[in-house]
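In the text below, chain A, chain B and the rest are named by the order of the sequence lines, each starting its count at 1.
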Amino acid sequence: MKLRIVTWNINSIRLRAPLLARLAELWAPDVLCLQETKVEDSRFPHALAESLGYRHRLVHGGKAYNGVAILSRLPLAECERLSFGGLADHRHLSCRLCGDIELHNLYVPAGGDLPDPEQNPKFRHKLELLDTFTAYFAAREDVDARLLLVGDLNIAPLAADVWNHRALLKVVSHTPVEVERLMRLMQAFRFWDTVRLRRPPPERLYTWWSYRARDWARSDRGRRLDHIWIAPALLPAFKDSGILREARGWPRPSDHVPVLAEFEIGD
DNA sequence: ATGGTAGGTATCCTA
């Protein structure tokens with residue numbers, strides 16, 4: 001069977017309900033991982049998700065900030081809401097699907113403006129959460145596990161992941177210290193970056209464009225902050241990936257666009 | 001070099 005998985009920082013699921021429907025129709029993901037749902041669990045729009053065919057849901061949100069969710073057409077098992085000592089509060093979900101596929105949906109803190117962990121607690125939090133995940137995956141001995149790590153990681157690792165590499169070296173999201181931390185996380189389980197498997201550098205690819213640009217498409221000053229990573233064991237099943245750039249031009253858009261990966265899963 | 005917009009919430013925080 002084909003498995004289509006999408007990650008999207010939706011920036012308020014309640015405000016973006018019509019766009020969620022549009023995405024469901026256009027890309028028909030089997031599993032939809034959302035970040036920045038910005039809604040308490042008790043007020044999550046379950047009826048909307050149900051109406052789009054997502055009968056299986058795992059939600060973890062709080063008032064106003066952060067919040068993650070997994071909407072699925074397939075049953076989810078071993079659902080967990082890990083907090084890692086408060087570092088990942090309302091920022092992480094994991095579950096198992098299609099038998100042995102283990103999915104992690106992660107929302108890494110943006111990290112504030114100043115790229116200095118001593119002076120900026122938000123940046124420190126960002127680095128600490130990345131290190132916590134690195135330790136978590138590095139400690140695992142089941143190196144053949146079929147892991148998927150998706151989400152808004154709030155870091156653009158490659159020079160081709162930002163509109164101007166040199167200009168962004170001092171801008172949080174593309175500083176060498178963050179990129180190095182992200183690479184360490186990637187190496188902890190030998191993850192592969194699915195989007196770059198299909199479209200390697202130097203092609204420029206972005207998944208986020210600031211709301212502050214006068215014309216996001218014309219200036220095209222984007223960054224690739226949203227990722228779908230797979231463990232080596234999932235590499236043979238990987239078929240395709242993509243970025244739904246046009247979603248940035250939808251009415252009242254999120255500043256992030258959906259990212260897709262498709263797999264052929266044996267029965 | 002600067003400031004620009006958006007969402008949720010409550011008069012400001014985060015992104």
Side-chain angles (χ1 to χ4, degrees), chain A residues 7-23 33-45 48 59-69 83 86-92 105-117 119-130 150-157 161-175 177-179 181-182 206-227 245-259:
Chain A
T7 181
W8 188 23
N9 179 322
I10 195 168
N11 189 14
S12 170
I13 188 170
R14 288 174 291 177
L15 194 71
R16 237 61 84 181
L19 302 192
L20 194 65
R22 200 158 164 171
L23 173 64
C33 297
L34 301 172
Q35 304 86 34
E36 280 209 273
T37 50
K38 293 188 174 177
V39 63
E40 289 168 289
D41 291 351
S42 61
R43 303 178 70 185
F44 191 88
L48 165 70
V59 305
H60 188 37
K63 204 173 180 178
Y65 304 115
N66 314 330
V68 282
S83 136
L87 280 173
D89 202 33
H90 300 145
R91 293 178 179 277
H92 173 262
N105 178 18
L106 179 58
Y107 175 46
V108 173
D113 290 329
L114 189 65
D116 180 349
Q119 293 188 60
N120 174 6
K122 288 189 248 180
F123 193 72
R124 186 162 66 241
H125 179 201
K126 183 177 196 174
L127 299 184
E128 282 176 359
L129 184 58
L130 289 166
V150 316
D152 176 4
L153 306 185
N154 261 317
I155 297 173
D161 292 335
V162 293
W163 67 277
N164 185 328
H165 172 60
R166 278 175 57 96
L168 285 166
L169 281 172
K170 290 178 180 171
V171 175
V172 171
S173 72
H174 193 60
T175 64
V177 59
E178 294 166 84
V179 170
R181 286 314 220 287
L182 192 70
Y206 316 133
T207 64
W208 173 89
W209 293 260
S210 171
Y211 282 127
R212 293 172 186 171
R214 269 187 288 270
D215 183 336
W216 73 273
R218 210 162 76 90
S219 58
D220 201 20
R221 296 184 168 189
R223 306 177 200 170
R224 192 171 69 100
L225 306 178
D226 304 271
H227 303 274
R245 180 184 164 104
E246 68 179 66
R248 187 61 179 78
W250 287 351
R252 297 208 70 180
S254 168
D255 45 354
H256 295 252
V257 298
V259 177

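- Taking the C1' atoms as reference points, B:dG3 lies 16 Å from B:dA15, given to the whole Å.
- In 5' to 3' order, the nucleotides of DNA chain B bounding all contacts with chain A (an atom under 4.0 Å from a heavy atom) are B:dG4 to B:dA15.
- For the P atoms, the distance from B:dT2 to B:dA6 is 23 Å, rounded to whole Å.
- B:dT9 and B:dG4 are spaced 25 Å apart, taking the P atom of each and rounding to whole Å.
- Residue contacts shown for A:Arg16 are limited to sugar-phosphate atoms, with no base heavy atom under 4.0 Å away.
- Under the 3.5 Å distance criterion, with hydrogens and angles disregarded, a donor-acceptor pair is assigned to the side chains of A:Lys38 and A:Asn11.
- For the residue pair A:Trp163 / A:Asp220, no side-chain donor-acceptor distance below 3.5 Å is found, with atom types taken as modelled.
- No donor-acceptor contact under 3.5 angstrom links the side chains of A:Arg224 and A:Thr207, judged on distance only.
- Mapped onto DNA chain B by nearest heavy atom, A:Ala213 and A:Asp152 fall at different nucleotides, with A:Ala213 at the one closer to the 5' end.
- Here A:Ala247 pairs with A:Leu244, A:Trp250, A:Val257, A:Pro258 under the side-chain contact (heavy atoms from CB on, under 4.5 Å) rule; sequence neighbours left out.
- Take the nearest nucleotide of DNA chain B for A:Pro109 and for A:Ile13: the residue whose nucleotide is more 5' is A:Ile13.
- With both ends at atom C1', the span from B:dA10 to B:dT14 equals 14 Å, rounded to whole Å.
- Screening A:Asp152, A:Asn105, A:Val59 for a side chain to side chain contact (heavy atoms under 4.5 Å, CB included) with A:Val68, the sole residue that qualifies is A:Asn105.
- For the pair A:Asp41 and A:Lys63, the salt-bridge criterion is not met [side-chain N within less than 4.0 Å of a carboxylate O].
- Nucleic acid contact class of A:Arg248 (heavy atoms, under 4.0 Å, all strands): none.
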